[in-house]
Amino acid sequence: MQEAKMIKITDLEKFYRTEEVETIALNKLSIEVKKGEFVAIMGPSGCGKSTLLNILGMLDDPDDGSYMFNGVEVAHYTERKRADLRKHNIGFVFQSFNLIDELTVFENVELPLIYTGVPSAERVKRVEEVLDKMQIMHRRNHYPQQLSGGQQQRVAIARAVVNKPKLILADEPTGNLDSSNGNDVMELLTDLNEQGTTIIMVTHSEHDARYSHRIIRLLDGQTVMENIMI
Amino acid sequence: MILNYIKIAWRNLTKQKLYSLINISGLAVGLAVCMMIMMYVAHEMSYDRFHKNADRVFSPRAQLKIGGNTMNMEYMSYAAAPIIRQNQPTIEDYMRTLPYFRPVVVSNPLSPQEKFSEDKLLFADPAFFSFFSFKLLSGNALDVLKRPFTVVISKDMAKKYFGSQEPVGKTIIIRTDSAYTYQVTGVAENAPSNSSITFNFVTANSSLLTMKEASKYVGSQQISYGSFNIYFLLKHASDTARLTKGMNLMAKKDKTFDDIKFSMSALPDTHLKSNFGDFSNIKYLKIFPLVAILILLLALVNYMSLSTARATLRAKEVGVRKISGASRKAIATQFYVESALFTLLSFILGYLLCYLITPWFLNTLQLKIDSSFLYSPLVLTLLFVLLLLTILIAGSYPSLVLSAFKPVVTLKGKMSKQAGGITVRKIFTTLQFTISIGLIICGIVIDRQLYFFRHADTGINKDNVVMIPIGNSVGKNYPAFKRDVKSMAGISSVATSHYAMFKGFDMNFYDGKTKGESVGLAALVADKNFITTLGLQWKYAPAPNTELASRKKTVINETAITELHLPANPVGSYIKSGDQQIEIAGVLKNFNFTSMEYAIRPLTLNIAKEDDPYFSKWGCNLFVKINPHTNLPTLLNTMQGIYKKYDQDTPFEYTFMDDAFNEQYKAEDRLASIFSIFTYITVILATLGLFGLAAFTIEQRTKEIGIRKVLGASVASINSLLSQDFLKLVLLAIVIASPIAWWAMHNWLQSFAYRITISWWVFAAAGFVAIITAIITVSYHAIRAAIANPVDSLRSE
């Protein structure tokens, strides 16, 4: 089953140093995620969830340990190589949506396609497709400030999936939403997962975590428990 | 992709209106100043390059030693050029010109009543229009000046004297030593503003040769000094060394001069490297480019500082773009494109601004630049290079800083601690204030020096003295004219001098202490009333009843005593000039008869009789001392009436002596007025920069301010807390700027014989201005932040 593994991290370590104090964010952490899995990562504040997600998303590099992505060691990739790998394979969803205020809904979603060099006509087609799927087509020319939180998060998800990534990293995707909008977002993620996208989600919400196949609980940078959801 | 960049740049620009305005207009002002000075410098450097053979045309310059004195010679005798040409095979052709030294009266014989005084009458060899590249609008370049008393007139003159009629074939009367009728054979385009050769009328040298006064100009039949500008067209531009050598050899055979050394001056160098004429341009050329670069640097620094200060607001965007797959290069490109857009707008605005202020600038400098020059390929290329350079520099730092943002940090809103570049921005601000303070100091010093020039005691009572140049038509009637003026009410005394005051002097040579040594003394020829009319003071007065007006007596100044190694009181001693023994009849206290830029030279004042024919023959100036509280317009009007009785042709002109005195400092005056404008601009730019930096820094400290307020801090204490940091930068700027400005001004002052010492208060004043400006600028933001409700700022975390 070697080929089914998308992510394999082994003995991963990350420290944050100030002049006098060294804080361990990840302490010899080892995790595996299979292709098509939906994994939730939970734990109290400061347990290392976000650090882990940043490393998985190749936004940050580990101090030690190994990170195999699709069978390739990427722990010490240069920023350029990481950026390249990232733009073709990973989509991000954030708690605070992180849409660019100066761009319209359409332009925000279009952004990843521009950076992967998709031709203009193809971009329009793919953006419209995904906006349609997220049911926000009618808002395509609006700016983020003109949308509700739920709609903004749909735009953010649309942007995350428009490039058809193999992996979606979601950092508390429902954190800024009411429960009804939150449920909608979770449904969307579940749909994406059912269509084959691997999803790793950091959350505080037990309710949201139940949408996943497996919950990894962290404490002080280490795995303390894994629950398999039935 | 570029389209996407431009789109977002435009949206940012319109969204942040105040910031965009500060940023674009600041850079525009800097660019406008830079463009203006660039055009000015380009114009100065482009002099005479429009001639097709500019690189092969050279003028001989000679340095000759007579006795112990070295003299520079730019003009040569009429015969010199053909003789040299005959002996020097490197010369292909030559040209001689003689700009007539005073205005002439010109009229169209069809309307003889309309006479005008015109300057720029140029005598030249027949090939003038083929030798040089002045454009002929009508007439054939090879024929126009073939015959004597033919004239080519400029386009302006054609319009003035012939209106819409064709001037060629018509006649015009030009009065030099007497009135001559010239046939107009051509009309030339006005000489371009970047031509060192200027003319309204060009006539053949052959006309001059037939005039009575020709002997005055033509000079000897040998190679000697004279009145003509000589231009050699060489076969190859590289032949100058051979020609110089050849001419030096020729000069060696001439026994008249002890020592003569020729050199060649290229035609394009004439304007800036000439030994005579207006030096002011060279002074400006040294200072203005430096100031322009400083101002542009300041504007660029401002731009970069403000752009990166706003970066926190763009940090999230950078993060999002990076997680969407943007590489650092792509982000850098984006901000470069954005910078380019801002810079382009600034450039357009700056160009418009430059267009508006250039007339004022040229007017202040009393310069003329043809508008065609402003659109010449040279200027357009320079502007384009400036644009590229500005884009390149303006975009560099912001794109470097912004593209380095880490998405992990920016997306979590933890920018404030990561913003980076705080130190760089502090350096920027210090640099800006250093430049501003430096310029303020320089401005004050220049101003004080000019004030000193105007108010220092020169030893001359300049008040209420009018100087009237006497045209040669007055001639023999001069004594009568003088008597008439003297008898007018309101006149206390009149005097005659060959030169107007501050307008020149001759050089006389006397034997020095050792054999063969000769001492050059400035010489003025005037009547005895000159001394009383100008209020000159005696150091050693002549014995009563001494007749000063004698060729065998002279009056000297104090400086001449030491120069001639005379006894402390030299009255009664003799000095020797040639074979003549001259008695020193009196010694005048030193007075400044030239600009105070120069030390007082040793002087002999040769007293002539009031009605000495010397004055009517060689020209002179009437000095009229007017009683205080006299109605000047009426008096001058009456005087003009009397003048017209004796000379109907030459216009009546007069200068007040204090105006003539001030006129000597026009170069410094212009420098001062331009400098003050530049100083205002730099102060405004520095203030804008500080305004931006303060806004940014204080925004970052919102939370701290909130906490302090909750704990009970007052608005005043928060204001002082926030202002302190900036004041430290300004103080540092004062410390850096003061010695540099002192050094620069100290050097500048060295060029004047009479100068002020730079006092401490100049630095204090400049520092005070900077501190007050800084406090007001920073307080605007600080107080706004301090009175804000802390609840809002604390909640935002």
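The model shown is predicted, which means the values in this text are computed figures rather than measured ones. Every chain is numbered from 1, with letters handed out A, B, ... down the list of sequences.
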Which bit of B:Lys7 is near chain A, if near means a heavy-atom gap under 4.5 Å: side chain, backbone, both or neither? side chain
How about A:Asp191: does its CG atom have over 12 heavy atoms from other parts shown lying under 6.0 Å from it? yes
Would you say that more than 12 heavy atoms from the other residues, nucleotides or ligands in this model lie under 6.0 Å from the CZ of B:Phe384, or not? no
Of A:Leu99, A:Ile100, A:Asp101, the residue whose pairing with B:Lys316 passes side-chain contact (heavy atoms from CB on, under 4.5 Å): A:Asp101
Quick check: do [X] and [Y] have side-chain heavy atoms less than 4.5 Å from each other?
X	Y	answer
A:Phe94	B:Ile323	yes
B:Arg11	A:Leu103	yes
A:Arg159	B:Ser324	yes

Largest heavy-atom contact set with chain B, pairs under 4.5 Å, which of A:Leu59, A:Asn163, A:Leu113: A:Leu59
Which region of A:Tyr143, side chain (C-beta onward) or backbone (N, CA, C, O), has a non-hydrogen atom less than 4.5 Å from a non-hydrogen atom of chain B, or is it both or neither? side chain
Does any backbone or side-chain atom of A:Gln95 lie under 4.5 Å from a heavy atom of chain B? Answer side chain, backbone, both or neither. neither
Closest approach of A:Ala83 and B:Ala326, non-hydrogen atoms and distance? CB-O, 4.5 Å
Got a second to check how far B:Ser327's OG is from A:Lys81's NZ, nearest 0.5 Å? 15.5 Å
